[in-house]
Protein chains: 2
Amino acid sequence: MATSTVENYLKSILRLQRRSGSTAVGEVARELSLTPGTVTTMMRHLSGEGYVDYQPRRGLRLTPDGESAALRVVRRHRLIELFLVQVMAMDWTEVHEEAEQLEHVVSDRLIDRMDEMLGRPTRDPHGDPIPDAEGNIVAMEALPLAEVESGMYRVVRVSDQDPDLLGWLDEKGMTIGEEFELSHCNRAAGVLEIVREEAERLQMGMQVAERVFVESVSA
Amino acid sequence: MATSTVENYLKSILRLQRRSGSTAVGEVARELSLTPGTVTTMMRHLSGEGYVDYQPRRGLRLTPDGESAALRVVRRHRLIELFLVQVMAMDWTEVHEEAEQLEHVVSDRLIDRMDEMLGRPTRDPHGDPIPDAEGNIVAMEALPLAEVESGMYRVVRVSDQDPDLLGWLDEKGMTIGEEFELSHCNRAAGVLEIVREEAERLQMGMQVAERVFVESVSA
DNA sequence: TCTTTTATCTTGATTATTCAAGATATATGT
DNA sequence: ACATATATCTTGAATAATCAAGATAAAAGA
Ligand SMILES: [Mn+2]
Ligand SMILES: [Mn+2]
Ligand SMILES: [Mn+2]
Ligand SMILES: [Mn+2]
């Protein structure tokens with residue numbers, strides 16, 4: 001019976017601790033646009049509930065219980081996003097906000113109906129992996145376009161946080177599965193260029209390339 | 001930006017004032033399983049926000065603003081219920097609870113998508129009228145089966161509050177649109193009997209007949 | 001090491017929602 | 001009309017979530 005506030009905290013912590021395995025009060029505060037004091041109070045609470053390990057000034061991490069609770073919310077979020085795109089024909093730019101609300105109230109029954117209707121999918125509309133009902137998730141090792149060498153690549157994931165970015169990518173056809181060649185990459189100038197079908201060129205800035213994840217195309 | 005708590009109060013008041021045009025603190029308290037004191041506090045608040053007219057000890061009623069806010073929630077609730085039955089193939093016994101949650105968080109965009117997908121429907125799965133986007137609602141003057149004379153009738157609406165009742169009705173094929181003949185009605189014994197295709201008979205108690213609404217079949 | 005900056009923590013206050021218990025008004029029955 | 005029952009109201013307290021501002025610890029720089 002975690003409240004939606006708690007569910008959002010857990011999801012944020014899961015995100016933030018992905019890198020180093022742990023995170024800090026300040027990072028959570030920034031991520032959720034709250035004051036550090038507010039987060040400290042909540043960490044004491046979550047620690048008491050057994051969701052996080054929290055040592056004042058030493059950082060925090062999810063307990064196994066906290067992690068599975070967080071994965072459950074992530075699963076719901078991503079299934080809902082895919083449902084909204086696939087079944088409701090909504091745009092991939094707008095489903096994140098909607099899922100952000102629905103993830104807290106949709107029943108397990110309905111989630112399972114969606115899962116079934118979608119054929120037990122493993123990726124959401126932005127390429128993020130969907131954890132299964134037990135919380136198992138396939139690791140993704142795609143790299144940001146900003147960090148790879150010249151060569152042939154395929155878009156496998158894009159950040160779903162910024163609707164403007166998603167809108168632009170959609171307009172340019174840079175959706176999941178799209179293949180292209182990375183031609184130039186001028187890190188100093190902060191610009192890079194890709195080439196697609198019929199020698200069509202496309203430039204983008206590093207902030208954008210930082211949010212588009214690709215895998216190398218063997219062919 | 002009414003909170004879901006407020007939305008639930010408004011919906012309850014709309015229901016309760018349907019009869020006499022107004023209602024009382026105690027009735028709202030009973031309906032929502034709250035103490036009278038809690039409701040009094042909320043009525044002061046809703047009155048301040050311009051949603052209800054509240055004179056202490058003299059009862060309360062929705063203002064025009066309150067009524068349209070309430071109708072908006074009712075519209076969402078019923079559209080969601082129909083969507084869950086029609087599109088998600090859920091059972092009419094379980095959609096009420098689900099809609100009770102979803103009605104507060106689904107975006108206008110998504111509601112409109114459902115409305116469109118369902119072909120701008122006017123009745124929910126239990127036969128209740130769905131207000132249009134402006135809050136217009138077609139009045140229903142169906143009578144409870146418990147209050148009509150012998151004759152031919154058609155089920156046009158059933159109370160959606162009790163899943164057990166819905167389950168039994170479904171099992172017996174007493175769904176919306178079903179036609180039958182009311183043969184006996186022993187009000188004293190609290191039992192009545194109906195006859196359908198092939199002389200099939202079905203008895204039910206008054207508490208049940210009180211919750212099944214019918215209209216007379218001319219033929 | 002000493003100073004400054006940054007991160008984190010603590011405290012006191014606020015808003016929303018609710019209940020328990022006691023006070024008061026209204027309705028009912030004789 | 002008077003006593004009793006019922007409905008409603010008031011008050012005081014609790015919980016969840018949050019912020020502002022001031023205190024303190026840790027990190028970074030000189
Ligand atoms: Mn998302
Ligand atoms: Mn996504
Ligand atoms: Mn309902
Ligand atoms: Mn209904």
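The figures that follow rest on heavy atoms only: side chains count, while hydrogens, waters and symmetry mates do not. Quick caveat: nothing in here was measured; it's all calculated off a predicted structure. Chain naming here is simple, since letters A, B, ... match the order of the sequence lines and numbering starts at 1 in each.
- In terms of the side chain to side chain donor-acceptor pair (under 3.5 Å) criterion, residue partners of B:R157 (sequence neighbours excluded) are, by chain and number, B:D128.
- At a non-hydrogen distance threshold of 4.0 Å, A:A24, A:V25, A:G26 from residues 18-27 of chain A come into contact with DNA chain C.
- Partners of B:R75 by side chain to side chain donor-acceptor pair (under 3.5 Å), not counting sequence neighbours, listed by chain and number: B:D115.
- Annotation: ring-ring contact (aromatic ring centres under 6.0 Å, His included) contacts involving residues 21-47 of chain A, sequence neighbours excluded, are absent.
- A:E97 meets the salt bridge (Lys or Arg N to Asp or Glu O under 4.0 Å) test with no other residue; sequence neighbours excluded.
- Partners of A:D170 under the salt bridge (Lys or Arg N to Asp or Glu O under 4.0 Å) rule, at least two apart in sequence or in another chain, do not exist in this structure.
- Screening residues 92-123 of chain B for ring-ring contact (aromatic ring centres under 6.0 Å, His included) gives B:H77-B:H96, B:W92-B:H126 as the qualifying pairs, with residues at least two apart or on separate chains.
- From the 5' end on, the contacts that DNA chain D makes with chain B at under 4.0 Å to a non-hydrogen atom open and close at D:dA7 to D:dT10.
- Partners of A:Q207 by side chain to side chain donor-acceptor pair (under 3.5 Å), not counting sequence neighbours: none found.
- Within the nucleic acid shown, B:R44 comes within 4.0 Å of sugar-phosphate atoms alone, with no base atom in reach, counting heavy atoms only.
- Residues forming a salt bridge (Lys or Arg N to Asp or Glu O under 4.0 Å) with B:E215 (at least two apart in sequence, or on another chain): B:R154.
- The salt bridge (Lys or Arg N to Asp or Glu O under 4.0 Å) test applied to A:E94 returns B:R109, not counting sequence neighbours.
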Atom pairs, N/O to N/O, protein against nucleotides 12-17 of chain C, distance under 3.5 Å?
from: C:dT17; atom 1: OP1; to: B:T3; atom 2: OG1; distance (Å): 3.1

